[in-house]
Amino acid sequence: MLSRSKLFLYNRYQFLSAVPRIFNKTFLHTYQKSSPPANLPDSYLFYPGRTSMLRMEEFYHSTLSTDLMILSYKDPESERKFIEKRQKEHLPIKKSVLTRDTNPFAINRPSPKSRGNKKRLPVPPKQCHKTIPKLLKIDVHCMIKEAIHSKQHLLSGIMALQCITSERPTVVYSKTGVAQWKLRKDMPIGCKVSISGPPMYTFLDKLVEIVLPRMKEWHGIPITSGDQNGNIAMGFPASALSLFPDIEGNYDMFPLMTGFDVIFNTTAYTDYEGRMLLSGFQIPFTPRKKMGRKGRTNRN
């Protein structure tokens, strides 16, 4: 019979020999001392992040998104017809080759080219809370024709876009050459910038609240604008660039003012939903008005 001390040593040996089988490496790894989370105030990797949303962003999430969900609702039958229309393929239309009996003028003439062959538009998913139209990004670009003669004129446009968007623009180069304009291929002729997130809503806020109300002889965007995918574009003259508060206070720093274009990229699948989203941000749209006796139309 073993004594008490020998029995204790024997039981300890049996336990230690069974430890590698019970506690494998994966199990022991969980018991190691873990490093403290990095996003704590006492860590040197602490980043405070955003504490609140911008006014335009908060307005969209609190008020506008629910209104758009109701206004863009489609009943199941109209939604099915809309999806079937998007899924339809537009094959090229081929004219029948005319023979000598039907038209003698078609002899020894090449066959006419096929017409049609439209591109298929993207098919939207089923309606849910994730398909509510919203802004993805805003593209701002300008073309500076004076840069053909001197590249130094690009600096004024680059500085102006950087001031109004808070993002650094990229230079746009020409793809082809035009001899009448003295334009050669790969010449810098403009600049562009894409903004999203908080800078996008900041730029939209300045555009809607400060620039558009102060513009003269501007009646809004035409009601027919859009690229059939929910993206809306609008152009501004050179005088609108000086209305931004970032440039108005330092007007003497910009020797050249140029016009610019703004493209609103949205998640909408139709132009109607895209215009409805921008009208919720107080961007006006105007219908086409008839001008003159002959019934000519003018987009104001």
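Keep in mind that the numbers below use all heavy atoms, side chains included, and drop hydrogens, waters and symmetry copies. What you see is a predicted model, and the numbers here were worked out from it, not measured in a lab.
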Consider only side-chain heavy atoms of I, L, V, M, F, W and Y, link residues closer than 4.5 Å, and tell whether Leu64 and Met53 are in one cluster.
no

Can you see which heavy atom on Gly274 is nearest to which on Ala268, and at what distance?
N-CB, 3.8 Å

For the CG atom of Leu183 and the OG1 atom of Thr176, what is their distance to the nearest 0.5 Å?
7.0 Å

Are there over 12 heavy-atom neighbours, none belonging to Met187, within less than 6.0 Å of that residue's CE?
yes

Straight-line distance of Lys85 NZ to Ile83 CD1, nearest 0.5 Å
13.5 Å

Could you walk me through whether His141 and Val172 satisfy the side-chain contact (heavy atoms from CB on, under 4.5 Å) test, starting with their C-alpha distance in whole Å, then the side-chain angles of each, then the deciding distance to 0.1 Å, before giving a yes or no?
CA-CA 9 Å; His141 65 89; Val172 178; 5.8 Å; no

Begin from the C-alpha positions of Asp205 and Phe59 and carry the test side-chain contact (heavy atoms from CB on, under 4.5 Å) through to its verdict.
CA-CA 11 Å; Asp205 193 4; Phe59 167 72; over 6 Å; no

Provide the closest heavy-atom pair for Leu68 versus Met276 in the form atom of the first, atom of the second, distance.
CD2-CG, 3.8 Å

Just wondering, are more than 12 heavy atoms of other shown residues or ligands nearer than 6.0 Å to NZ in Lys134?
no

So Val171 and Ile158, do their side chains get closer than 4.5 Å, heavy atoms only?
yes

Looking only at heavy atoms, the pair that brings Pro287 and Ile223 closest together is CA-CG2, 3.9 Å

Any non-hydrogen side-chain atom of Leu54 less than 4.5 Å from a side-chain atom of Pro198?
yes

Run the side-chain contact (heavy atoms from CB on, under 4.5 Å) test on Ile138 and Ile263 for me, step by step, so that the C-alpha distance in whole Å, both residues' side-chain angles and the decisive distance to 0.1 Å come before the verdict.
CA-CA 6 Å; Ile138 296 178; Ile263 303 175; over 6 Å; no

Under a 4.5 Å cut-off applied to non-hydrogen side-chain atoms, are Ser72 and Gln127 in contact?
no

Can you tell if the side chain of Met234 reaches within under 4.5 Å of the side chain of Trp218, non-hydrogen atoms only?
yes

Gap separating the NE2 atom of His219 from the OG1 atom of Thr286, nearest 0.5 angstrom:
8.0 Å

From CA spacing to verdict: side-chain contact (heavy atoms from CB on, under 4.5 Å), Arg168, Val193
CA-CA 7 Å; Arg168 187 170 183 176; Val193 61; over 6 Å; no

Going by heavy atoms in the side chains, are Cys128 and Thr131 under 4.5 Å from each other?
yes

I need the minimum non-hydrogen distance between Cys191 and Leu161, along with the two atoms involved.
SG-CD1, 3.5 Å

Quick check: are there more than 12 heavy atoms from other residues, nucleotides or ligands sitting under 6.0 Å from CZ of Arg184?
no

If you count heavy atoms of other groups shown closer than 6.0 angstrom to CD of Glu79, is the number above 12?
yes

Pick one: which of Val140, Leu243, Leu212 meets side-chain contact (heavy atoms from CB on, under 4.5 Å) with Phe236?
Leu212

Would you say the side chain of Leu241 lies within less than 4.5 Å of the side chain of Phe254, judging by non-hydrogen atoms?
no

Can you find a pair of side-chain heavy atoms, one from Tyr269 and one from Leu121, that are under 4.5 Å apart?
no

Does any part of the side chain of Phe264, heavy atoms only, come nearer than 4.5 Å to the side chain of Ile283, both counted from C-beta?
yes

Taking Glu84 first and then Lys81, would you say they form a salt bridge - that is, a charged N and a carboxylate O separated by under 4.0 Å?
no

